[in-house]
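What follows is a short report on a single structure.
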Amino acid sequence: MSPVPCLFIISMLIHLSEGTMQLPYMTEDVEEISGKSFDYIVIGGGTAGCPLAATLSENFSVLVIERGGSPFGNPLVEDRKYFGYSLLKTDEYSSVAQDFTSRDGITNYRGRVLGGSSAINGGFYSRASEDFVKKAGWDKDLVQESYQWVESKVVFMPELTQWQSVVQFGFLEAGFYPYNGYNLEHMQGTKIGGSIYDQCGKRHTSADLLAAGKTGNITVLLNATMKSIIFDGKENETRVAGVRFIKSDGSSDKTYKAFVEKHKGEVILSAGALGSPQILLLSGIGPQKHLKNLDISVNVNLSEVGRKMSDNPAISLLVDRFPQNRTLEPPQVAAIAEGFKFILESEILPTNLSTARISIAAKVAFPKSKGRLKLENTDPRKNPSVKFNYLESKKDMDACLEMVLLLQHVARSETVTYFLGTVSQEKVMTGEDELRSFCKENVRTYYHYHGGCVVGSVVDEDYRVYGVKNLRVIDGSTFEESPGTNPMATAMMLGRYQGIKILRQRRQWKTEEQP
């Protein structure tokens, strides 16, 4: 993949706006959708939900219910010069980023906009490792095809900024070899990853992938929050018939309904690692004791819903002395340690509307510590309660100590200190007790939390929820570990991959039904 000239991209966007490709029908009118039936209802138009809906639309009608608004035309989403600003301005009902604080006391964010977290993240695109694909039991060729489908539409080769070039050499000085250049694969060493920002600085979220489907078959309901699943009432089986939803803005608690075609239609949750387990619990699918404590009728006693929640513990070092009026930069380069155990990146994020700071951050790639998600109330617009138990495992703490030493090495490299005009610190942390204390006090999130509906615990290998017919979960909540440098590429791929598998299954069923 080679860089695409900015003028070419501008002309392409003008061409698209003239109608060569069109986005699906979008509405905020809940009354318009209420009572209608669709072949598939996808809950969450996020990183996985959009490519899934686009793929299913090739043969079926699809309703996407998205709790946020549209990203199109929103500079906080689309313009690289405003990178990070969406995290500074959050509110209860309408901001594109919704903040939450885990019970560990660490602030985190989730996307609340069509495009999901691909609309608020750093846009760094990198595939999962071969080992991850193998452990998942996925078809290698279909995985490759699905990644390529995504990459042909929303992934670009970045032109390195001055700071990203500097930190790239800092990574190499710290021993992150070999140098792999521009590469979308997950491999040890230092590399330039793909980006969903194009050469004009415009972000292309997963919402762009909707245009690749048969858009006449897709309806997107914006600013509507899924309340619970509707079951068909048969006593001998638990079968999904549709969904209940409410307006997201808090103006009303009135409930509306949409349905799936009888027997063959499906509801697919793609609401993310917080949203999907939350919806299952609100629908009476989860641990019986927890549901009864909230007076929720138990439809399926599925004890693992909300369990195996995990977030990669991270440490971030601010390497400039004080905030300055700097140009904001998403990450473009990653350092991947031997055995993939640590991932390092750097970015320039805003501290407020006029100043920014440079940080170099690292995460433990395979944390052993696990947590749990629970409901605190039955309002689907509120965040559920989650605790990740950062560094609870001794292995995670030991890994953090090693990771901080590597971070210090990068921050004190000749390239980085020369560029910043700083002198390498005389004193660095080396003692185990000092490092342990530093990790405990400074652990943070890398925003790659996952789990809650893990394959083999909550869903089977076809992502069907155990004990429920016509219900699947397809998103990052099904991951037991975060793939690659970050989950975005693989979540997009998963939506496409599972969409194709469903189409193939439906074709097979149709063939078997024919006399």
Side-chain angles (χ1 to χ4, degrees), residues 16 19 21-74 111-116 118-119 153 205-230 240-249 252 254-272 275-276 279 380 470-475 492 495-496 498-500 502-503 506:
L16 294 180
M21 289 182 66
Q22 293 183 346
L23 288 167
Y25 177 65
M26 299 186 189
T27 181
E28 297 182 16
D29 188 349
V30 290
E31 298 278 2
E32 181 184 352
I33 303 302
S34 184
K36 290 186 176 180
S37 294
F38 301 84
D39 294 315
Y40 288 91
I41 299 178
V42 176
I43 306 302
T47 313
C50 286
L52 173 64
T55 304
L56 293 175
S57 73
E58 292 176 20
N59 291 334
F60 301 101
S61 62
V62 183
L63 171 65
V64 178
I65 299 180
E66 166 54 47
R67 69 196 188 104
S70 170
F72 302 108
N74 185 337
R112 183 169 51 192
V113 61
L114 191 66
S118 71
K153 294 165 176 58
T205 75
S206 65
D208 289 35
L209 297 173
L210 290 171
K214 190 177 289 186
T215 54
N217 284 344
I218 306 173
T219 300
V220 179
L221 176 60
L222 298 170
N223 294 310
T225 298
M226 168 80 165
K227 186 174 182 181
S228 62
I229 294 164
I230 300 170
V240 170
V243 299
R244 300 179 185 90
F245 53 92
I246 58 177
K247 292 181 178 181
S248 296
D249 62 9
S252 169
K254 184 179 177 181
T255 299
Y256 303 86
K257 298 177 182 179
F259 301 94
V260 290
E261 295 296 341
K262 199 169 183 180
H263 300 305
K264 293 183 180 179
E266 291 187 351
V267 170
I268 304 177
L269 304 184
S270 297
S276 289
I279 291 167
N470 302 342
L471 179 63
R472 304 188 201 224
V473 180
I474 299 176
D475 60 21
M492 288 180 172
R496 175 66 175 178
Q498 291 300 330
I500 291 174
I502 291 170
L503 292 179
R506 292 290 292 260

- Under the salt bridge (Lys or Arg N to Asp or Glu O under 4.0 Å) rule, collect the residues that match up with Glu28, sequence neighbours excluded.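 Residues passing salt bridge (Lys or Arg N to Asp or Glu O under 4.0 Å) with Glu28: none at all.
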- Residues in salt bridge (Lys or Arg N to Asp or Glu O under 4.0 Å) contact with Arg67, at least two apart in sequence or another chain: none
Considering non-hydrogen atoms only, spot the tightest contact between [X] and [Y] and give its length.
| X | Y | value |
| --- | --- | --- |
| Thr205 | Pro71 | OG1-CG, 4.3 Å |
| Gly68 | Glu66 | N-OE2, 2.7 Å |
| Ala258 | Leu63 | CB-CD2, 3.9 Å |
| Phe245 | Ala224 | CD1-CB, 4.2 Å |

- Item | Option from Leu210, Leu209, Leu56, Ile474 for which side chain to side chain contact (heavy atoms under 4.5 Å, CB included) with Pro51 holds | Leu209
Contacts of [X] that satisfy side chain to side chain contact (heavy atoms under 4.5 Å, CB included) - sequence neighbours left out:
| X | answer |
| --- | --- |
| Lys247 | Val30, Asp249, Ser251, Tyr256 |
| Glu58 | Thr55, Arg496, Leu503 |
| Thr215 | Pro24 |
| Phe72 | Leu23, Met26, Ser70, Glu78, Leu114, Ala207, Asp208 |

Residues in side-chain hydrogen bond (donor to acceptor under 3.5 Å, both in side chains) contact with [X], at least two apart in sequence or another chain:
| X | value |
| --- | --- |
| Ser270 | none |
| Asp39 | Ser61 |
| Thr27 | Glu32 |
| Thr219 | none |

Using a 4.5 Å cut-off on heavy atoms from C-beta on, say whether the side chain of [Y] contacts that of [X].
| X | Y | result |
| --- | --- | --- |
| Asn59 | Arg506 | no |
| Ile268 | Ile502 | yes |
| Glu266 | Val260 | no |

- Residues pairing under salt bridge (Lys or Arg N to Asp or Glu O under 4.0 Å) where one sits in residues 213-229, two or more places apart or in two chains, turn out to be none
Looking at [atom1] of [X] and [atom2] of [Y], how far apart are the two atoms once the value is rounded to the nearest 0.5 Å?
| X | Y | atom1 | atom2 | value |
| --- | --- | --- | --- | --- |
| Thr47 | Asp475 | OG1 | CG | 9.0 Å |
| Glu261 | Ile41 | CD | CD1 | 9.5 Å |
| Leu52 | Ile500 | CG | CD1 | 10.5 Å |
| Ile218 | Tyr25 | CD1 | OH | 14.5 Å |

- From CA spacing to verdict: side chain to side chain contact (heavy atoms under 4.5 Å, CB included), Leu269, Leu471: CA-CA 8 Å; Leu269 304 184; Leu471 179 63; 4.2 Å; yes
- Message: Determine whether a donor-acceptor pair (N or O, by modelled atom type, separation under 3.5 Å) exists between the side chain of Asn223 and the backbone of Ser248.
- Response: no
- Message: Looking at Ser206, is its backbone amide N or carbonyl O close enough to the side chain of Ser118 to form a donor-acceptor pair, meaning the two atoms are under 3.5 Å apart?
- Response: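 The answer is yes, because a donor-acceptor pair under 3.5 Å joins these two groups.
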- How would you list, by chain and number, every residue that makes a ring pair (Phe, Tyr, Trp, His ring centres under 6.0 Å) with Tyr40, sequence neighbours excluded? Phe60
